[in-house]
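Remarks on the structure that follows.
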Amino acid sequence: MDTDVDDTCKAGGEGEKGKPIVVLLVGAPGSGKSTFCDQVIRSSARPWVRICQDTINNGQSGTKVQCLKNAARALKEGKSVFIDRCNLEREQRADFMRLGALQVEMHAVVLDLPAKLCISRSVKRTGHEGNLQGGKAAAVVNSMLRKKELPKLSEGFSRILFCQNESDVQAALDTYIGLGALDTLPHGCFGQKNPDAKVQLGIMKFLKKVDVPSNARSNASRGQDSAPPEATEVKNPICEGRGNVSSLSDTAGEEGKISEDLVVDSVNQNSSLNDVPTLAFPSISTSDFQFNHEKASDIIIEIVEEFLHKLGNARLVLVDLTHGSKILSLVRAKAAQKNINPKNFFTFVGDITRLHSGGGLHCNVIANAANWRLKPGGGGVNAAIFSAAGPALEVATKEQAKSLSPGNAVVVPLSSASPLYSSEGVTHVIHVLGPNMNPNRPNCLDGDYVKGCKILRMAYTSLFEGFLSIVRSQEKLPKGSIEKIGSKSSVLLGHSEDAPKIFSLKSDQKIKRDGVYEHERWKKCKGSLNEVGSDINVSRAGKVNANNDNTGSGGSNSKVWGSWAQALYNIAMHPEKHKDDLLEITDDFIVLTDLYPKAKKHILVLARYDGLDHLADVSKEHLQLLKMMHAMGLKWAEKFLLEDASLVFRLGYHSVPSMRQLHLHVISQDFDSKHLKNKKHWNTFTTAFFRDSVDVIEEINNHGKATLMDEESVLLMELRCHRCRSAHPNIPRLKSHITNCRAPFPANLLQNGRLVLAPSNT
DNA sequence: GTTCTAGAAC
DNA sequence: GTTCTAGAAC
């Protein structure tokens, strides 16, 4: 059975001494915690200590502090520890989780057995058989189970094993008994069937002394369950990684070893997490470049901390192939010390090119520990990523930069032709080059850690800066100072409004490169570094968000409209001439179906004010008008939703419309239309060029004008799915993708009522 | 905004 | 050869 395979396999371990383990038993009185510990301790080759609060004080009950003290002492002696107490609530477990800082593995074994069984054991143990005692024991168990909060990986466990019947318990016993001093177990959640059931079915009936036939949790049915059903796999794809773990365990192969490491939030237990922008990055320079791990881990934590607040809910994940990796342990411990939110930054054990398919962790961006030539080869992460991404990555990389100097990073959008994109959902690779401390490699820093640390900081800063630019470009344009937007032809690191400066090392290490930017802060950091002017012109890339401030020649108010652009204006001024084609006419507005709808439902709310040609003309005095247009659009969207509840609507304006006369688009997000034919069509509705009505109203209210995006930039931007943000080479391919893509909408669209859904879908 | 079509890309 | 884009004309 699946569980047997999972639990008895010993991942890796070769040459890597297994760390001491802390196992928190979780279970009601009578669930068999003490028996479990005793059986393991009696038969295991690994040294174990059982910490039991009930007996810790010379056989008398003691305190939690005593338990913690004794546990820490045992761990320091290299012993593994069972924490034998109920641990049913998260809060009760929390203090023990701090033991995780001591370079140990934190496991939970959940004895989630039928309440009936716990109660009857409890009653027997007290030796006070009878209604009163029995009733009391039942009440205690029942009340404890009501408060039960099943442990989660996010609490800091690297492994959680759920047992729901005696055979599960036996399998768990075998697992821990068979665990030698040097063995490790795969990480992740195993055996969970019904995470939400707080009180087991049947307990109330039991209390009423009604004999209940075994319910759905009977052994027979669970035998089949133990191979995770599809729903479980989707919810908790960690389990998917188990196949790899076990199948490769014999060879102790590193490659297939994909498991979740400590501090990871239960990956994808919430499928919406798949949507969170995530950067997976390897530790830079600590492998082949032999950078000191202590120093490197300090720098990682330092720069991560600096960036987390800028990144919003986006996540950074440090990935390493090796389970017992020193750098992961160091970073993990330091992250815990600094109280870094494990939701936003965690470590992960796995192959960076197979995080999604192999580990259930979706990362839209991965970092490559590149070489200065930005070429495949050399082994390690660089070879793996180039190989997994196929030739597409090399081509795309070449477009962005020819080479890279230490401390820099370059963002490369991955085409959908790349397998890394199609099977792993990676949309960008960021190449980053760290300092080299290895004398056998070119440009060694010769032990100069002052310079080395500086460059490593720089490398991480450039990397995260690159990720930040992707996150921002994919969400929406930040208000005010917008730096840049991702586009095929732009390389977007650091602040490049001014003439970009590229730094390089001293002349003996000078590397020719272009299109690579360093973070602002490093421009100040000249010292031994020269600055070299860029040989590429970024003005196109930078020209993304010219705020339309009505100044200069060709200001918005003086825009010249072609004759073909007057159709809406003519309708607004003389609706009676087009009466049959309009959905609704009021004194202020007209509602009509777009002549060339770009989706199943695509209507316009047209303002009837002469002189209000487009959004650039709108100011605070029009606030009420905007609100009324929004309300009108909403009314129609809701009307359409009654006819087809599967539709999702978005209301907004084009930054620079083609047709004269202010009009609000109300468009369903299927984009299922023969009229959607080119890049401009797509990008005007799915990028920051499309200004959500709710945001426009807010901006007009706060600043008196709306942020508008440059018309040309629409054509520079890649074609990306509006749901999963994947990139596609052309319109036909994009269209075939979107007919099938059911990914949730990006998080920013789900906020502030930007999307209008049927009530049942909200 | 669309249509048409040359020629680039595949 | 076919598919797809992008620029001109309207």
Side-chain angles (χ1 to χ4, degrees), chain A residues 390-396 398-399 413-419 421-422 487-489 540 543 548 554 556 559-575 577-578 581-583 590-608 612-617 650-668 671-687 689-691 708-721 726-739:
Chain A
L393 177 61
E394 213 182 329
V395 174
K398 216 177 275 175
E399 271 179 36
L414 207 51
S415 94
S416 60
S418 167
Y421 167 91
S422 48
S487 90
K488 226 171 190 166
S489 56
R540 277 181 64 210
K543 193 172 105 184
N548 200 335
S556 63
K559 177 172 169 129
V560 180
W561 302 89
S563 60
W564 49 266
Q566 308 286 346
L568 291 178
Y569 173 79
N570 292 337
I571 293 171
M573 295 305 122
H574 306 286
K577 289 183 189 167
H578 309 82
D581 301 321
L582 308 177
L583 294 170
I590 288 162
V591 180
L592 68 156
T593 297
D594 192 293
L595 186 57
Y596 298 95
K598 304 296 185 292
K600 281 182 184 164
K601 288 288 178 191
H602 181 186
I603 63 165
L604 306 175
V605 178
L606 184 62
R608 294 189 62 189
L612 208 53
D613 288 347
H614 54 165
L615 207 45
D617 296 332
R650 205 172 158 194
L651 283 63
Y653 301 85
H654 283 156
S655 286
V656 183
S658 298
M659 306 293 282
R660 178 183 177 189
Q661 196 65 14
L662 184 69
H663 56 280
L664 171 71
H665 290 269
V666 177
I667 183 166
S668 62
F671 295 111
D672 177 3
S673 161
K674 61 176 184 182
H675 298 294
L676 200 160
K677 292 175 177 169
N678 59 44
K679 196 172 194 177
K680 187 171 182 183
H681 291 155
W682 180 254
N683 281 344
T684 53
F685 286 103
T686 59
T687 69
F689 187 86
F690 188 84
R691 301 304 329 279
L708 303 178
M709 202 172 115
D710 199 304
E711 197 179 0
E712 288 86 51
S713 55
V714 161
L715 291 172
L716 289 174
M717 297 214 286
E718 302 168 291
L719 293 169
R720 283 192 178 275
C721 171
S726 58
H728 299 267
N730 55 46
I731 290 290
R733 296 266 282 274
L734 172 76
K735 289 184 84 169
S736 79
H737 167 83
I738 59 169
T739 52

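A, B, ... follow the sequence lines: proteins, then strands. Residue 1 opens every chain.
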Measure CZ/A:Arg733 against P/C:dT5 and give the value in whole Å, please. 11 Å
Separation of A:Leu715 atom CG from C:dC4 atom C1', in whole Å? 15 Å
Contact class for A:Ile731 vs. all strands (heavy atom < 4.0 Å): base, sugar-phosphate, or nothing? sugar-phosphate
Do A:Trp561 and A:His614 have ring centroids that are under 6.0 Å from one another? yes
Rounded to the nearest Å, what distance is computed from the CG atom of residue A:Asn683 to the C1' atom of nucleotide C:dA6? 14 Å
Let me know the distance between CH2 of A:Trp561 and C1' of B:dG1, rounded to the nearest Å. 11 Å
Which atom pair, heavy atoms only, marks the closest approach of A:Leu568 to A:Arg660? CB-O, 3.5 Å
Would you say A:His654 places a side-chain N or O within less than 4.0 Å of OP1 or OP2 belonging to B:dG1? yes
Students often get this wrong, so: under 4.0 angstrom with heavy atoms, is A:Lys680 touching a base, only sugar-phosphate, or nothing? nothing
What residues, two or more places apart in sequence or in another chain, satisfy side chain to side chain contact (heavy atoms under 4.5 Å, CB included) together with A:Leu595? none
note: A:Asp594, atom CG; B:dG1, atom P; distance rounded to Å ~ 8 Å
When A:Tyr596, A:Phe671, A:Phe685 are each screened for ring-ring contact (aromatic ring centres under 6.0 Å, His included) with A:His602, the one that passes is A:Phe685
Roughly how many Å is it from CG in A:Leu716 to C1' in C:dA6, rounded to a whole number? 13 Å
Just the rounded figure in Å: distance from C1' of B:dG1 to NZ of A:Lys679. 19 Å
Would you mind reading off the distance between A:Trp564 atom CH2 and B:dC4 atom P, rounded to a whole angstrom? 17 Å
Those residues that, when tested against A:Lys680, pass side chain to side chain contact (heavy atoms under 4.5 Å, CB included) (two or more places apart): A:Ser658, A:Asn678, A:Thr684, A:Glu711, A:Val714, A:Leu715
Stacked pair A:Tyr596-B:dG1, distance under 5.5 Å, angle under 30°: no
With a cut-off of less than 4.0 Å, is there a side-chain N or O of A:Lys677 near OP1 or OP2 of B:dT3? yes
OP1, OP2 of B:dT2 versus side-chain N and O of A:His681: anything below 4.0 Å? yes
